[in-house]
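Reminder, nothing fancy here: chain letters follow the sequence lines and each chain counts from 1.
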Amino acid sequence: MLPLLNLVPVSKFSSFHQRAYQCFSSATSFLQKDTNFSTLFNSCVNVNLTKQLHALLIVFGKSQNVVLSTKLINLYVTLGDISLSRSTFNHINKKNIYSWNSIISAYVRFGRYNEAMNCVNQLFSNDLRPDFYTFPPILKACVDFDDGKKVHCCVFKMGFENDVFVAASLIHLYSRFRVLDVAYKVFVDMPVRDVGSWNAMISGFCQNGDAAGALGVLNRMKCEGMEMDTVTVSSILPVCAQSEDSVNGVLIHLYVLKHGLDTDVFVSNALINMYSKFGRLRDAERVFDQMEVRDLVSWNSIIAAYEQNDDPKTALRFFKGMQLVGIQPDLLTVVSLTSIFSQLSDQRVGRSIHGFIMRHEWIEKDVVIGNALVNMYAKLGDMNCAHTLFDQLPRKDVISWNTLITGYTQNGLASESIDAYNMMEECINIVPNQGTWVSIIPAYSHVGALQQGMKIHGRLIKNSLYLDVFVATCLIDMYGKCGKLEDAMSLFYEIPRETSVPWNAIISSLGVHGHGEEALQLFKDMLAEGVEADHITFVSLLSACSHSGLVDEGQNCFDIMQKKYGIEPSLKHYGCMVDLLGRAGYLKKAYDLVRNMPVKPDASIWGALLSACRIHGNAELGTLASERLLEVDSENVGYYVLLSNIYANTGKWEGVVKVRSLARDRGLRKTPGWSSVVAGSKVEVFYTGNQTHPKYAEMYRELRVLSAKMKNLGYVPDYSFVLQDVEEDEKEQILNSHSERLAIAFGIISTPPKSPIRIFKNLRVCGDCHNATKYISRITEREIIVRDSNRFHHFKDGICSCGDYW
DNA sequence: GTAGGGTTAG
């Protein structure tokens with residue numbers, strides 16, 4: 001009743017009340033002692049009128065009439081005032097079972113289960129005998145207590161078990177306690193079932209996520225000739241949404257229309273949510289448009305629909321519409337808002353939502369809202385705020401931790417992410433879940449922490465979670481990124497692969513290892529197994545072609561992606577194509593592609609072109625690309641470095657000086673280059689030019705010896721990779737102190753002879769170091785695996801797997 | 001005069 005009142009437009013609201021008041025006044029002006037007061041209750045549409053009626057009952061000496069008092073109790077509850085219900089109840093001298101039932105169900109309706117149970121205990125200590133009506137509310141209250149079984153025994157002893165209302169409550173209770181077999185037993189033992197009994201059983205399965213069970217019961221219901229009602233439909237629709245069963249979902253929608261169930265708010269809300277999950281926003285909006293009455297859930301649902309389907313602007317428009325009709329946002333509205341403003345990258349409004357939440361003290365109320373805020377700050381790239389807020393959360397659950405860990409990983413702060421994960425593992429009450437694994441494994445991949453990643457893999461094997469497609473995909477990616485391509489492959493063949501997700505990961509792994517042909521073959525296999533390619537598949541594929549110099553194949557993929565799959569190329573796809581053409585030396589073609597793009601090229605596109613210019617020493621186009629680049633992103637220092645590289649390689653030292661001073665003026669500093677090497681179970685990190693390592697002298701000696709041997713075999717240092725304008729012998733010294741060279745030297749002196757060396761570099765590997773590593777692999781008879789920010793290089797017997805093409 | 005089974009989340 002109450003929410004309905006809220007929905008009456010303000011203009012109509014007053015006349016609605018006026019009418020009720022007139023009705024009430026004209027009825028009460030002729031009151032006599034023997035009036036039938038019951039009829040007056042219908043006019044009491046608000047608490048004030050009810051209070052007046054209450055006063056009249058007292059004046060006419062009817063306040064001890066248990067029938068009228070019980071009516072009052074119920075009326076006050078309907079109007080939302082439980083304390084008036086309670087005082088009315090207290091004033092009855094001779095309470096009967098009706099009044100007890102009313103006050104108990106009143107408390108249950110308000111979720112005040114403790115008080116409901118107190119009443120129950122008082123009732124039991126009186127001489128009154130509970131009846132059929134007493135138990136359903138009690139059973140509902142039992143979800144907060146563990147004595148459901150005790151109440152069931154009581155129900156059983158009193159012979160109420162066969163009452164359809166009591167049985168439905170029992171089914172509901174056992175479902176809530178996740179003992180579906182007992183719930184099902186109650187259900188099948190019922191001698192007579194009404195639609196409510198079927199609904200209780202169906203929703204029991206639904207709320208335990210058992211779609212098949214729910215649909216099974218629904219089917220039987222149909223066979224027995226029982227028609228679905230609004231409750232059945234609103235229980236089953238979320239299941240269709242969750243199991244992506246659009247066939248049944250749409251069939252049920254047709255049923256709804258045919259039987260006129262669409263006037264029910266619950267049904268329409270469930271339909272909106274279902275269509276939203278299917279990504280069918282037009283259908284969701286049509287349902288919303290056709291609703292006669294919309295409540296808070298309807299608005300929240302349509303807002304969330306657009307928010308979750310990446311249309312924050314429309315979501316915001318609906319939020320404004322909601323404010324316009326005077327519906328107050330609740331916690332869930334605000335959760336959507338946090339996501340909307342992180343999608344819109346709107347820091348300012350994001351902060352104001354934070355303020356709004358603080359003013360309403362909602363952080364204390366529900367952990368979800370705090371998590372949503374942490375997530376918002378993380379998505380806005382402000383990990384300081386995210387972490388501060390996280391520390392202040394009054395309650396943290398596993399999702400709070402996952403949000404923090406993911407935030408760090410996605411902002412490229414892998415070691416902070418790992419720190420957060422380690423802190424989480426110290427909390428005894430937090431159990432990591434799927435979300436934890438998919439946020440921590442990528443962090444391990446990022447820093448190449450293979451050992452830790454494998455430890456998690458081992459842990460996941462025990463609970464079979466490694467078969468979860470998302471977790472497994474992270475593991476595949478990790479093995480790929482840590483150089484264990486065979487392990488990535490064998491895991492890939494172990495797991496279910498009906499969706500594109502694991503395929504994309506393995507194709508991308510093959511790509512960064514330079515196995516373009518195999519990547520193309522896997523793409524064919526994927527299609528042969530009937531798996532549909534998506535836009536990410538093509539990013540992986542195009543980048544695989546690019547790494548292997550498969551220009552024609554890449555071009556072909558780019559074409560069929562649009563023509564056969566109808567996928568519009570995104571910036572990522574264009575980036576891959578520019579990279580593919582540029583690296584292969586088709587600089588003009590690459591530039592033409594950029595000029596004719598229907599979308600505005602961003603920094604990554606110009607960056608790809610610029611790095612192609614560096615490879616092919618085209619200073620002219622390089623300068624042009626970098627000019628465009630600095631227009632769209634003048635903050636990224638990497639691009640200044642690339643341009644200064646081009647100038648250095650072409651001997652234009654004045655250009656180098658110009659770029660450097662430009663970067664300096666803008667307060668940008670070069671990202672320090674570092675390389676790490678795995679020695680035993682430890683990971684050692686080296687910075688370029690770092691001479692403070694305890695074993696530096698030993699490493700440097702090793703490098704001198706190697707250098708002499710390399711020169712005998714024909715190695716000539718390539719000084720164009722030295723950016724400083726210094727003397728020749730100093731240049732050699734500089735090359736020898738590159739971080740990747742230091743890491744290799746450390747690997748050689750601290751691991752057994754002929755064992756493989758694994759190196760990670762945060763930037764791209766230097767060209768001279770690449771050449772030198774080939775010689776080193778031959779001299780030391782070692783396999784050297786270098787992963788740089790772009791791809792893998794496997795050095796063996798003096799050659800590199802990338803064929804010097806990178 | 002009183003009762004059951006239903007929709008939205010990080």
- Closest non-hydrogen atoms of A/Val250 and A/Arg280, given as atom of the first, atom of the second and distance, are CG2-NH1, 3.7 Å

- Item | Shortest non-hydrogen contact between A/Leu68 and A/Phe41, atoms and distance | O-CZ, 3.7 Å

It should be established whether [X] places a side-chain nitrogen or oxygen under 4.0 Å from OP1 or OP2 of nucleotide [N].
X: A/Lys277; N: B/dA9; result: yes
X: A/Gln207; N: B/dT7; result: yes
X: A/Ser203; N: B/dG6; result: yes

Base, sugar-phosphate, or nothing for [X], non-hydrogen atoms under 4.0 angstrom?
X: A/Asp229; answer: base
X: A/Asn375; answer: sugar-phosphate
X: A/Phe132; answer: base
X: A/Val267; answer: base
X: A/Asp163; answer: base
X: A/Thr230; answer: base
X: A/Ser197; answer: base
X: A/Val166; answer: nothing
X: A/Val66; answer: base
X: A/Gln308; answer: sugar-phosphate
X: A/Val335; answer: sugar-phosphate

Which of these nucleotides, [options], is closest to any side-chain atom of [X]?
X: A/Ser234; options: B/dT7, B/dG6, B/dG1; result: B/dG6
X: A/Asn74; options: B/dT2, B/dT7, B/dA3; result: B/dT2
X: A/Ser301; options: B/dT8, B/dT7, B/dT2; result: B/dT8
X: A/Val231; options: B/dG1, B/dG6, B/dG4; result: B/dG6
X: A/Lys71; options: B/dG4, B/dA9, B/dG1; result: B/dG1
X: A/Asn300; options: B/dA3, B/dT8, B/dG1; result: B/dT8

In whole Å, I'd like the distance from the [atom1] atom of [X] to the [atom2] atom of [N].
X: A/Leu68; N: B/dT2; atom1: CG; atom2: P; value: 13 Å
X: A/Phe266; N: B/dG6; atom1: CZ; atom2: P; value: 9 Å
X: A/Ile340; N: B/dT8; atom1: CD1; atom2: C1'; value: 14 Å
X: A/Asn269; N: B/dT7; atom1: CG; atom2: C1'; value: 5 Å
X: A/Leu271; N: B/dT8; atom1: CG; atom2: C1'; value: 14 Å
X: A/Lys140; N: B/dG6; atom1: NZ; atom2: P; value: 7 Å
X: A/Leu296; N: B/dA9; atom1: CG; atom2: P; value: 13 Å
X: A/Gln328; N: B/dT8; atom1: CD; atom2: P; value: 23 Å

Between the base of [N] and the side chain of [X], is one N or O donor paired with an acceptor at under 3.5 angstrom?
X: A/Ser235; N: B/dG6; value: no
X: A/Asp194; N: B/dG4; value: yes
X: A/Asp264; N: B/dG6; value: yes

- Message: Is the ring pair A/Phe187/A/Trp198 parallel, tilted or perpendicular, if the boundaries are 30 and 60 degrees?
- Response: perpendicular

- Between A/Phe318 and A/Tyr306, how do the two ring planes meet: parallel, tilted or perpendicular, split at 30° and 60°? parallel

- Does the distance from a Lys or Arg side-chain N to an Asp or Glu carboxylate O, for A/Asp283 and A/Arg286, drop under 4.0 Å? yes

- Message: Are A/Trp362 and A/Phe356, when compared by the centres of their aromatic rings, separated by less than 6.0 Å?
- Response: yes

- Can the ring centroids of A/Tyr421 and A/Trp401 be said to lie less than 6.0 angstrom from one another? no

- Using the aromatic ring of A/Tyr133 (for Trp, its six-membered ring), decide whether it stacks on the base of B/dT2 within the limits of 5.5 Å and 30°. yes

